[in-house]
> 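I have a structure I would like to understand better, so I am pasting it below and will then ask my questions one at a time.
The structure displayed is predicted, hence computed values, not measured ones.
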Amino acid sequence: MKILTFDTTLRDGSQGEGVSFSVDDKLKITQKLDGLGIDYIEGGWPGSNPKDKEFFTRARELNLEHARLTAFGSTRLAKNRVHEDRNVLALIEVGTPTVSIFGKTWDLHVSRALGISLDENLKLISETVRHLKNHEKEVIYDAEHFFDGYTANPAYALQTLEAAKLSGADVLCLCDTNGGTLPRRVREIVTEVRRRFDGVIGIHTHNDSDVAVANTLEAVDAGATLVQGCLNGYGERCGNANLASIIANLELRMGHTTIGREKLKSLSSVSTFIAESANIPLPNDQPFVGRSAFSHKGGIHVSAVLKDPATYEHVAPEVVGNRRRILVSDLAGRANIVYQLKQHGLGDGLDAEARSELLERIKHMEHNGYDLEAAEGTFELLVRTALHPEVHLFDVDFYEVTVGADDRHPLYTNATVTLRVCDQLHSATATGHGPLNALHSCLRTCLAKQYPQIQDVLLTNYKVRLLDAHKGTAAKVRVLIEWTDHHDKWSTVGVSDNVVEASWNALLDAMRLELMRAAEKDSSLERSHKTAAT
């Protein structure tokens, strides 16, 4: 069965704490969602703020291939006539083919929040829907607090749906606005609504009880044919239902069609794009699309997965545009090492004895606080070093960092580094914005003349974690640094009871790895290293 998808990331999702999209962000996300095959994209509330009004104005220039852009609003205010209500007029003027309006279905809200009679509320619903239909709009009616309203007063909750339906609403969307309804109850109520009303029934759930996705799937099983949610589950309080998980489950588990199997391959990349636009890291453990969704760590698991991925994967990661990751840690077995070697194109380089030695070294490092499952770059460097122990890219003769301030000078950081490169000493001194910046600058200066390609390596993220907090300021720290050279991305790790040393070691690993990759491609470069080493 075809299940319509309705994404409200740009409206309801933006109400989540820490989520803020610029107009440019919203336009780019709209194009991504359209390309993914989403049926409805709710862009915002044009009558509530200038940003959403600007978005809809600029969105007219978008050439959407599939999605119907949707404006959001409410039923008219009780004090206004419908044709004079500013919010209703904004929904018409914005020019979208579809509008989504919410109305009160819980008698508590009618009497307490609106302060009007139950009959007057029915007029707000019917008159607003009818007015929008008279202006040739497709109308999706969001029955706010429907499940709570139905539980409190089922007869009245159903009357609100009837008021919208008789006035021409194209979709009746049942909202679990407070997120407190459990799956069995959702199924019961949706079943009853489906029995009483024909046409499209929608479902809109919130995740306050951590069952928003389950509630949506139960609603579909009970007859709902439109699902609302946000990619990545953004939204107020605990968020909206995660539309990425809903789509994947409907397609792969329940046999329905949403965006289609081919476009399902873009699900992970679009989720990541939206997370980057929101400047909120996508949780590693996000089902289907997270970095850890298809990651394997335990040696027994890895051994089985290498024989048949179905042993520990419920779907193939490629189906949703993700990838399998085999992690290397103190829990790893030989199978983890073999897989990682193949992933880095180094599968035939180490014999069984060398692989066993590498595994023991990794376990020893992890025991001392290293985290190689998050630092694939450091792991790759270990392998390349084991493969080519005769290659010495450079050695550190000396490094020093000084930090200070006095009454006459603001805080300063100076660093000095001396490297031995091909039997020649190279020294540099730099002032930086902190120790890492100053050391990084010196290291680049020392290496750039011999290895100009090192200028392409850019630091993109820097994280520090305290490992044994009970030791206070004497605790070990783990520094994880993320890098890119415009083609690849990798992370390196350093551990020490001195944050500067930990940072320096992670920095050295990144430079050495990039140069070892370059040496592999340039045989003359590798020969010069071997000659210098002898």
Side-chain angles (χ1 to χ4, degrees), residues 17-18 20 22 276 278-281 365-366 368-372 374-375 377-378 381 393-421 424-486 489-515:
E17 185 174 1
S20 180
S22 68
E276 291 175 351
N279 199 27
I280 297 176
M365 291 175 67
E366 292 264 341
N368 287 324
Y370 281 80
D371 182 10
L372 294 183
T378 296
L381 179 63
L393 298 160
F394 63 87
D395 293 301
V396 179
D397 270 24
F398 172 81
Y399 79 96
E400 181 180 58
V401 178
T402 58
V403 180
D406 56 38
D407 293 340
R408 293 170 296 173
H409 301 94
L411 183 68
Y412 64 86
T413 303
N414 294 327
T416 300
V417 171
T418 300
L419 301 182
R420 186 176 298 275
V421 184
Q424 295 182 353
L425 290 178
H426 298 264
S427 294
T429 298
T431 299
H433 302 286
L436 179 64
N437 179 241
L439 287 168
H440 192 193
S441 179
C442 290
L443 192 57
R444 283 178 178 274
T445 301
C446 290
L447 293 173
K449 290 183 180 180
Q450 185 74 25
Y451 312 117
Q453 62 268 45
I454 211 69
Q455 298 289 358
D456 294 331
V457 178
L458 303 176
L459 185 154
T460 60
N461 204 353
Y462 175 78
K463 303 174 184 177
V464 179
R465 181 182 172 186
L466 208 62
L467 294 181
D468 35 17
H470 66 279
K471 294 184 179 180
T473 55
K476 272 188 178 181
V477 296
R478 179 166 61 221
V479 169
L480 187 72
I481 307 180
E482 297 174 6
W483 306 88
T484 182
D485 59 3
H486 304 293
K489 296 180 180 179
W490 66 94
S491 298
T492 54
V493 63
V495 175
S496 173
D497 54 9
N498 185 305
V499 68
V500 174
E501 183 180 43
S503 303
W504 174 242
N505 289 336
L507 176 60
L508 290 175
D509 277 6
M511 300 298 110
R512 286 191 170 116
L513 176 58
E514 183 69 359
L515 293 178

> If the condition is side-chain contact (heavy atoms from CB on, under 4.5 Å), which residues does Thr416 pass it with, not counting sequence neighbours?
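Scan of Thr416 (side-chain contact (heavy atoms from CB on, under 4.5 Å), adjacent residues dropped) gives Phe398, Thr429.
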> With the side chain counted from C-beta on, respond yes when Val421 and Tyr451 share a heavy-atom pair under 4.5 Å apart, and no when they do not.
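The answer is yes, as the side chains (C-beta and beyond) meet within the 4.5 Å cut-off.
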> So, using side-chain hydrogen bond (donor to acceptor under 3.5 Å, both in side chains) as the criterion, who are the partners of Thr413 when residues are at least two apart?
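Here no residue qualifies.
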> Under the side-chain contact (heavy atoms from CB on, under 4.5 Å) test, which residues partner Ala502, sequence neighbours left out?
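Ala502 satisfies side-chain contact (heavy atoms from CB on, under 4.5 Å) with Val477, Val479, Ser496 only.
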> Is any side-chain heavy atom of Leu507 closer than 4.5 Å to one of Trp483?
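Trp483 vs Leu507: side chains touch.
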> Who pairs with Tyr412 by side-chain hydrogen bond (donor to acceptor under 3.5 Å, both in side chains), at least two apart in sequence or on another chain?
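Applying side-chain hydrogen bond (donor to acceptor under 3.5 Å, both in side chains) to Tyr412 gives none.
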> How would you list, by chain and number, every residue that makes a side-chain hydrogen bond (donor to acceptor under 3.5 Å, both in side chains) with Asp456, sequence neighbours excluded?
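For Asp456 there are no side-chain hydrogen bond (donor to acceptor under 3.5 Å, both in side chains) partners, ignoring immediate neighbours.
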> From the options Leu443, Asp397, Leu425, select the one residue that forms a side chain to side chain contact (heavy atoms under 4.5 Å, CB included) with Leu419.
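When side chain to side chain contact (heavy atoms under 4.5 Å, CB included) is applied between Leu419 and each of Leu443, Asp397, Leu425, only Leu443 qualifies.
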> Applying side-chain hydrogen bond (donor to acceptor under 3.5 Å, both in side chains), name anything that partners Ser22, two or more places apart in sequence or on another chain.
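Ser22 satisfies side-chain hydrogen bond (donor to acceptor under 3.5 Å, both in side chains) with Asp25 once adjacent residues are dropped.
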> More than 12 non-hydrogen atoms from neighbouring residues, nucleotides or ligands closer than 6.0 Å to CD on Gln455, yes or no?
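Counting other residues, nucleotides and ligands, CD of Gln455 exceeds 12 neighbours.
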> Keeping to residues at least two apart or across chains, list the side-chain hydrogen bond (donor to acceptor under 3.5 Å, both in side chains) pairs with something in residues 431-443.
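Matches after skipping sequence neighbours: Asn414-Thr431, His440-Arg444.
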> Would you please name every residue forming a salt bridge (charged side-chain N to carboxylate O under 4.0 Å, His left out) with Lys463, sequence neighbours left out?
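Lys463: salt bridge (charged side-chain N to carboxylate O under 4.0 Å, His left out) contacts with Glu482.
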> Mind checking salt bridge (charged side-chain N to carboxylate O under 4.0 Å, His left out) for Asp395 and listing every partner two or more places apart, or none if nothing turns up?
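In terms of salt bridge (charged side-chain N to carboxylate O under 4.0 Å, His left out), with neighbours along the sequence ignored, Asp395 is linked to no residue.
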